[in-house]
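By convention here, the first residue in the shown sequence is residue 1. Remember, it's 1-based here, ligands and their atoms both numbered in the order they're listed.
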Amino acid sequence: MDWIQAVVLSAVLAVSWAAEDLSFPPGFRFGAATAAYQVEGAWNEGGRTECTWDKFVHEDPRRVADQSNGDVACNSYHLWKKDIEIAEELGLHFYRFSISWSRILPTGFSNQINEEGANYYSNLIDGLLEKGIEPLVTMYHWDLPQSLQDLGGWTNPLIVDWFEDYARVLYNLYGDRIKHWLTLNEPLIMCDGVYNTGVFAPGLFSPEVGAYYCNKYALLAHAKAWRLYDEEFKPKYHGKVSLANQLVWFDPKTKEDEALAELVIENCAGRYSHAIYSKEGGWPPSIEKHMQELSKKRGYPRSMFPSFTQEEIELIRGTHDYYAFNHYTSRIVRYAEEGEEFSTWPLGDAVDLNLKIEKGEGWAQGASSWFFVNPPGIRNQLIWLKQKYGDLEFMITENGFATFDGRDDQDRIQYYRDYLEQVLLAIKEDGVNVTAYTAWTLIDNFEWMDGYNVKFGLYEVDFNDPERKRTPRASAHYYASVIKSHSLDVPTTRNEL
Ligand code: GBH
């Protein structure tokens with residue numbers, strides 16, 4: 001072959017490779033997610049008792065930007081059939097939803113199961129399965145029974161057993177039909193988010209101790225629930241159990257900031273992963289050391305960061321069937337300059353590093369104050385995880401874009417397009433075994449302290465309509481076409497969709 005032929009051939013190969021490269025591997029699965037408190041409503045119906053979010057928003061409505069709450073939300077408790085219709089319209093392979101603990105166990109304890117609540121999820125699960133959509137269940141998405149909060153919630157070591165008891169009830173009720181479980185949604189936010197800011201229910205502020213005890217007990221609770229499944233349920237049901245971490249990607253500003261950025265990643269990702277996924281288990285060594293020194297410096301007689309016993313390390317180590325994470329945004333990390341105020345987000349107060357966290361140049365901003373767009377962040381995150389914890393199966397359990405209005409939906413489409421492209425690159429170029437992607441969120445819903453102002457939905461919900469009419473956005477059409485063609489080789493402009 002002469003050189004012209006060679007050039008032509010390689011050009012053809014490059015083009016066909018590029019075209020092929022936009023398709024997802026066979027078996028890759030697409031889903032969308034919601035969470036109980038954000039969509040269900042019916043907060044005091046059907047035997048459901050008060051959860052932390054009910055109390056938090058009823059006690060002082062000003063805690064939420066638009067002074068709203070989840071009392072009715074999308075009314076999915078009554079309109080769940082509509083949600084299934086939407087999932088089917090999108091062509092979802094799976095639908096991720098969460099179970100309200102206090103709807104199943106009105107006392108918080110497993111002595112009493114609320115049949116009406118149990119039936120609600122059973123019907124939802126059956127309805128999805130009838131349409132060939134896999135139900136993926138999150139056991140806990142931040143709505144703790146208030147009765148358990150009154151006893152200290154996630155800072156009381158007894159919660160480890162309470163959660164295991166709750167998990168047993170769920171495995172017994174639904175284990176025959178659920179193949180993927182998530183124990184906890186974003187323990188980083190449940191613990192650091194809650195105790196470092198006070199802006200999430202239950203509105204407690206205890207950055208130095210609360211966040212870290214919560215961190216420990218969340219890991220133990222997850223581990224017990226995982227082991228319970230592994231020993232008693234997996235042999236007959238063959239499902240998989242994991243937890244969904246919240247991962248913000250951190251890039252160092254310069255070479256000099258690399259070690260600092262690594263420490264920040266260990267603090268956010270490692271503190272909720274290392275004990276489970278690393279070979280040796282326990283806390284990330286760099287964090288444990290840092291926290292011991294800091295505790296001493298602050299005059300604590302023992303580390304404010306609780307240690308693990310060897311037995312606890314063994315209990316938690318290896319309690320995973322896949323790695324699940326939610327990802328939205330990135331930050332840049334650098335050392336603070338002299339006289340400059342340190343950043344605490346999202347680490348809270350207790351970490352005390354000489355650091356500054358900022359957004360990258362040219363990063364677009366979504367509707368929330370925390371939301372910056374950096375598509376390569378998701379790929380870097382995947383590479384980091386694989387390097388750190390090995391060639392695991394990865395599932396992205398949330399990713400999506402925040403807007404205020406969302407009628408003109410081009411930004412959301414672009415976000416999905418660009419983040420999915422990076423996921424594809426991680427799979428094809430970096431050999432990361434990503435098997436699933438989940439859009440947050442199916443329908444507009446109660447966005448925690450942003451209330452209903454901030455919209456993440458593929459479907460718009462009319463919250464003034466008693467019927468809570470759901471209407472597809474352009475991004476819904478886009479996502480449906482990606483799913484249908486199993487590829488990103490589809491139009492992205494509103495008019496062509
Ligand atoms: C996820 O949390 C949740 O799982 C989901 O329920 C939620 O609706 C979705 O994302 C969209 O927000 O960190 O101090 O700047 C994402 C984690 C936690 C990130 C709160 C933003 C804002 C406060 N989010 N955080 S701060």
**W142 N/O to ligand 1 N/O under 3.5 Å** = no
**Prompt:** Closest approach of R48 and A42, non-hydrogen atoms and distance?
**Reply:** CD-O, 3.9 Å
**The one among E398, Q38, E447 that brings a heavy atom closest to atom 3 (C) of ligand 1** = E398
**Prompt:** For ligand 1, is F200 a contact, meaning one of its heavy atoms is under 4.0 Å away?
**Reply:** yes
**Side-chain heavy-atom pair E40, S100 within 4.5 angstrom cut-off** = yes
**Asked** If hydrogens are left out, which of F446, Y37, Y328, F371 has an atom nearest to atom 10 (O) of ligand 1, that is, the closest non-hydrogen atom?
**Response** Y328
**Request:** Quick one: list whatever passes ring pair (Phe, Tyr, Trp, His ring centres under 6.0 Å) with F342, sequence neighbours left out.
**Result:** none
**Message:** F372: which residues meet the ring pair (Phe, Tyr, Trp, His ring centres under 6.0 Å) condition with it, sequence neighbours left out?
**Reply:** none
**Request:** Pick one of side chain, backbone, both or neither for how V199 approaches ligand 1, counting any non-hydrogen atom pair under 4.0 Å.
**Result:** neither
**ligand 1 atoms in contact with H141 (distance to a heavy atom under 4.0 Å)** = 3 (C), 4 (O), 5 (C), 6 (O)
**Request:** May I ask you to check whether T197 has an N/O atom sitting below 3.5 Å from an N/O atom of ligand 1?
**Result:** no
**Fill in**
Quick note on ligand 1: atoms under 4.0 Å from a heavy atom of N185 include exactly 4 (O)
**Request:** Measure the CG-OG1 distance between L219 and T319 for me, rounded to the nearest 0.5 Å.
**Result:** 8.0 Å
**Message:** Please verify the inter-ring angle class for F371 with F456; under 30° counts as parallel, over 60° as perpendicular, anything in between as tilted.
**Reply:** tilted
